[in-house]
Visitor: 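Below you will find the structure I want to go over with you.
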Protein chains: 2
Amino acid sequence: MSSDNDALEAACRSLEGVCDDVEGTVDALTEQRPAEDRVATQAAVFGALANEHRVRILEALRDGERCACELQVVLEAPQSTVATHLRRLRETGLIKGRKKGKWTYYRIADTAALELLDIGAAVDVPESD
Amino acid sequence: MSSDNDALEAACRSLEGVCDDVEGTVDALTEQRPAEDRVATQAAVFGALANEHRVRILEALRDGERCACELQVVLEAPQSTVATHLRRLRETGLIKGRKKGKWTYYRIADTAALELLDIGAAVDVPESD
DNA sequence: ATCATAAATCGAGAAAATACAATATGAGTT
DNA sequence: AACTCATATTGTATTTTCTCGATTTATGAT
């Protein structure tokens with residue numbers, strides 16, 4: 001009830017200088033607020049993609065399935081590290097594993113992953129200065 | 001040169017059980033490896049999206065610009081917290097700020113951000129069990 | 001059953017991201 | 001000038017993620 005609300009009240013006060021109908025604006029902002037689970041899903045998916053190793057895994061799965069040991073070669077990383085990233089992608093529903101004997105073959109589970117990779121790659125990120 | 005290479009060699013050895021032409025497979029994997037800067041861009045973009053606050057900010061900017069104080073109302077978070085997230089999105093090139101007097105109005109800089117949000121929201125993330 | 005191998009999981013230290021109070025900056029106002 | 005207000009930045013405590021050796025599990029071979 002203290003600083004958190006103080007900050008919100010201050011923000012609402014400054015709204016007065018921005019729009020004539022503060023209440024209306026707040027209502028509009030509140031109305032178009034996305035559903036909780038939508039935002040949670042989005043953050044989870046992007047979190048799964050927010051790592052170079054995991055991006056490389058998905059890119060390697062573009063044209064078909066690969067077994068875990070192949071992905072280990074792609075990443076040039078220790079086995080447990082690769083397995084950890086594979087799990088994260090699996091748990092987010094972006095890839096699927098198929099067990100065949102001693103080997104596990106992974107493939108893209110949702111082609112949305114590849115769309116995301118392409119769109120994300122096309123963003124013009126300003127160089128850090 | 002020790003454990004890192006040991007792990008890689010082990011992975012390559014296990015490849016022998018997967019394909020007949022190990023060298024060829026490794027070459028193929030190496031060739032289709034995406035460029036460094038592509039992966040870096042992708043990870044940076046998805047990192048910027050990998051946060052519920054930042055997702056909410058972008059969703060709020062869908063139908064036009066909003067000033068920082070409006071976004072503060074949307075997030076129900078302290079001013080410095082909101083400013084920090086705005087900076088991250090700005091530095092990644094996803095939003096742009098326009099200063100007008102005391103206020104700063106933010107807008108989507110790259111509509112790819114909205115595409116990403118929509119595609120990401122449609123992914124079926126299995127519930128954590 | 002024993003052994004070898006591929007992959008998953010565990011656990012702990014290191015690194016990165018986040019929250020947010022405090023402070024600084026910069027523009028308008030008096 | 002001094003003051004007020006909106007926003008940006010800084011500093012630091014906290015939380016989350018990442019890494020990877022060690023261990024376990026699962027499968028096939030001898």
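A note on names: the letters A, B, ... follow the listed sequences, proteins ahead of strands, and every chain is numbered from 1. Quick note: numbers below take in every heavy atom, side chains included, and nothing from hydrogens, waters or symmetry partners.
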Visitor: Find the distance A:Glu91:CD to D:dT16:C1' and express it as a whole number of Å.
Guide: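 That distance rounds to 15 Å.
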
Visitor: So B:Thr81, base contact, sugar-phosphate only, or nothing? Heavy-atom distance under 4.0 Å.
Guide: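 Base, at least one base heavy atom under 4.0 Å.
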
Visitor: Provide, to the nearest angstrom, the distance between the CG atom belonging to A:Asn51 and the P atom belonging to C:dA16.
Guide: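 Computing the A:Asn51:CG to C:dA16:P distance gives 12 Å.
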
Visitor: Measure NE2/B:His53 against P/C:dA17 and give the value in whole Å, please.
Guide: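 Checked: the NE2 to P distance equals 17 Å.
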
Visitor: Which is it for A:Gln32 and B:Glu59 under the side chain to side chain donor-acceptor pair (under 3.5 Å) test, yes or no, and what are the steps along the way?
Guide: CA-CA 9 Å; A:Gln32 68 162 16; B:Glu59 293 280 12; over 6 Å; no

Visitor: Using whole Å, what does the distance between atom P of nucleotide C:dA21 and atom CD of B:Gln79 come to?
Guide: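 It works out to 11 Å between those atoms.
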
Visitor: Counting any heavy atom closer than 4.0 Å, what does B:Arg87 reach on the DNA or RNA strands: base, sugar-phosphate only, or nothing?
Guide: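 B:Arg87: base contact, heavy atoms under 4.0 Å.
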
Visitor: On DNA chain C, compare the nucleotides closest to B:Lys100 and A:Ser80; which residue's is nearer the 5' end?
Guide: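 Comparing both residues, the 5'-ward one is A:Ser80.
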
Visitor: Side chains of A:Leu75 and A:Arg56: does their closest heavy-atom pair fall under 4.5 Å?
Guide: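 They are in contact (side-chain heavy atoms under 4.5 Å apart), so the answer is yes.
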
Visitor: Find out whether A:Leu61 and A:Arg107 are in side-chain contact, i.e. whether some heavy atom of one side chain is under 4.5 Å from a heavy atom of the other.
Guide: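 Result no, sub-4.5 Å side-chain heavy-atom pair not found.
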
Visitor: In whole angstrom, what separates B:Leu15's CG from C:dA6's P?
Guide: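 Taking CG of B:Leu15 and P of C:dA6, I get 9 Å after rounding.
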
Visitor: Could you check whether the rings of A:Phe46 and B:Phe46 sit parallel, tilted or perpendicular, using 30° and 60° as the cut-offs?
Guide: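 A:Phe46 and B:Phe46: parallel rings.
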
Visitor: State the CZ-NZ distance between B:Arg90 and B:Lys96, to the nearest 0.5 angstrom.
Guide: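 Spacing of CZ (B:Arg90) from NZ (B:Lys96) equals 13.0 Å.
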
Visitor: Given D:dA6, is OP1 or OP2 found less than 4.0 Å from the side-chain N or O atoms of A:Arg13?
Guide: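 No.
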
Visitor: Base, sugar-phosphate alone, or nothing: which one does B:Ala68 contact when heavy atoms must sit under 4.0 Å apart?
Guide: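 The answer is sugar-phosphate, as B:Ala68 gets under 4.0 Å only of primed atoms, P, OP1 or OP2.
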
Visitor: How close or far is atom C1' of C:dA7 from atom CZ of A:Arg98, stated in whole angstroms?
Guide: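 After rounding, the reported distance stands at 15 Å.
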
Visitor: Taking only N and O in the side chain of A:His85, is any of them less than 4.0 Å away from OP1 or OP2 of D:dT19?
Guide: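 Yes, within the criterion.
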
Visitor: Please pick, from C:dC20, C:dG28, C:dA7, the nucleotide with the shortest atom-to-atom distance to any side-chain atom of B:Pro78.
Guide: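 Output: C:dC20.
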
Visitor: Rounded to the Å, how far apart are B:Glu65 CD and D:dT7 P?
Guide: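 The answer, rounded to whole Å, is 12 Å.
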
Visitor: What nucleic acid atoms does B:Tyr106 come within less than 4.0 Å of, heavy atoms only: base, sugar-phosphate, or nothing?
Guide: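 Sugar-phosphate contact only.
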
Visitor: Would you kindly give the CH2-to-P distance between B:Trp103 and C:dG26, to the nearest whole Å?
Guide: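 Answer to the nearest Å: 18 Å.
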
Visitor: B:Lys102 has a side chain; which of C:dA7, D:dG28, C:dA27 sits nearest to it?
Guide: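 Shortest atom-to-atom distance from the side chain points to C:dA27.
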
Visitor: Assign each of A:Lys99 and B:Glu70 to its nearest nucleotide of DNA chain D by heavy atoms, then name whichever residue's nucleotide is nearer the 5' end.
Guide: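 Final value for this comparison: B:Glu70.
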
